[in-house]
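Right, one structure below, let's go through it.
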Amino acid sequence: FFFFNDTATTEIYTEQIVGSVRCVQETGLYVLNKIDAITIEELDILDRIPHYVPISAKDEWNLDDLLDKMWEYLDLLRIYTKPKGQIPDYNAPIILPAKRNTVEDFCLRIHKSLAQSFKQAIVWGTSVKHNPQKVGKDHKLQDEDVVQ
């Protein structure tokens with residue numbers, strides 16, 4: 001709540017407002033549509049913009065790159081499940097924040113009792129040295145790992 005009188009200057013307004021607001025800087029992603037309507041030279045100029053993805057929604061250009069960038073900027077991991085004796089289910093990944101990426105976090109995302117009765121998991125992917133590899137609950141998973 002701010003109280004201003006008619007004798008206050010612009011500097012006083014700014015100081016009171018800025019002094020009371022906690023600023024948080026977040027990185028955004030600029031999605032530039034209609035790249036089908038510009039030239040290569042104009043696209044080269046746009047290429048200097050940080051944090052952007054050029055797309056054409058009409059022609060469905062570069063939508064895969066947009067999806068990849070969104071995953072990167074949201075900092076989420078896709079972890080796939082593999083029932084014993086079956087192939088991995090790549091249609092319904094378990095989504096984990098990158099900061100909570102242990103096998104225990106994965107188990108808790110499925111069900112609390114799974115984490116309590118956990119002994120070991122078998123993991124395929126970039127987070128292990130050997131594919132497959134047995135891991136404990138503190139093992140850190142990476143994007144697109146497969147867990148059994």
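The distance from atom CZ of Phe106 to atom NZ of Lys140, rounded to the nearest 0.5 Å, is 15.5 Å. Going from atom NZ of Lys112 over to atom OG of Ser117 covers 12.5 Å, rounded to the nearest 0.5 Å. For the atom pair CD of Gln133 and CD of Gln120, the computed distance is 11.0 Å after rounding to the nearest 0.5 Å. Separating the CG atom in Leu114 from the CD atom in Glu104 is a distance of 10.5 Å, to the nearest 0.5 Å. Once rounded to the nearest 0.5 Å, the distance linking CD of Glu72 with NZ of Lys69 reads 5.0 Å. Interatomic distance, CG of Asn33 versus CG of Asn62, reported as 11.0 Å (0.5 Å rounding).
Side chains of Asp143 and Trp71 form no contact here, defined as non-hydrogen atoms less than 4.5 Å apart. Within the 4.5 Å cutoff, the side chain of Val147 has no heavy atoms near those of the Ile122 side chain. Between Asp65 and Ile55, the closest side-chain pair of non-hydrogen atoms is not below 4.5 Å. Put simply, the side chain of Arg78 reaches to within 4.5 Å of the side chain of Ile95, judged on heavy atoms. Using a 4.5 Å heavy-atom threshold, the side chains of Tyr90 and Glu144 count as separate.
Listed by chain and residue number, Ile94, Leu96, Pro97 satisfy the side-chain contact (heavy atoms from CB on, under 4.5 Å) test with Arg109 (two or more places apart in sequence, or in another chain).
For the pair Lys82 and Asp89, the salt-bridge criterion is not met [side-chain N within less than 4.0 Å of a carboxylate O].
Minimum heavy-atom separation, Tyr80 to Pro93: CE2-CB, 3.5 Å. Between Ile35 and Leu32, the closest heavy-atom pair is CG2-O, 3.7 Å. A pairwise comparison of heavy atoms in Gly125 and Asn131 identifies N-OD1, 2.7 Å as the closest pair. Residues Val123 and Val135 come closest through the heavy atom pair CG2-CG2, 3.5 Å. Residues Phe118 and Cys107 share a closest heavy-atom pair of CD1-SG, 3.8 Å. Closest approach of Ser56 to Asp36, counting heavy atoms only: OG-OD1, 3.1 Å.
Counting only distance, with no hydrogens or angles, the side chain of His111 and the backbone of Ser113 share a donor-acceptor pair below 3.5 Å. No side-chain donor-acceptor contact under 3.5 Å links Glu60 to the backbone of Ala57.
At most 12 non-hydrogen atoms from other residues, nucleotides or ligands lie less than 6.0 angstrom from CG of Asp64. Heavy atoms of other residues, nucleotides or ligands lying less than 6.0 angstrom from OH of Tyr30 number 12 at most. Shown here is Ile49, whose CD1 atom has more than 12 heavy atoms of other residues, nucleotides or ligands within 6.0 Å.
Counted by atom type alone, Thr102 and His139 present zero donor-acceptor pairs between their side chains at under 3.5 Å. Inspection of the Asp47 and Tyr52 side chains reveals an N or O donor paired with an N or O acceptor under 3.5 Å.
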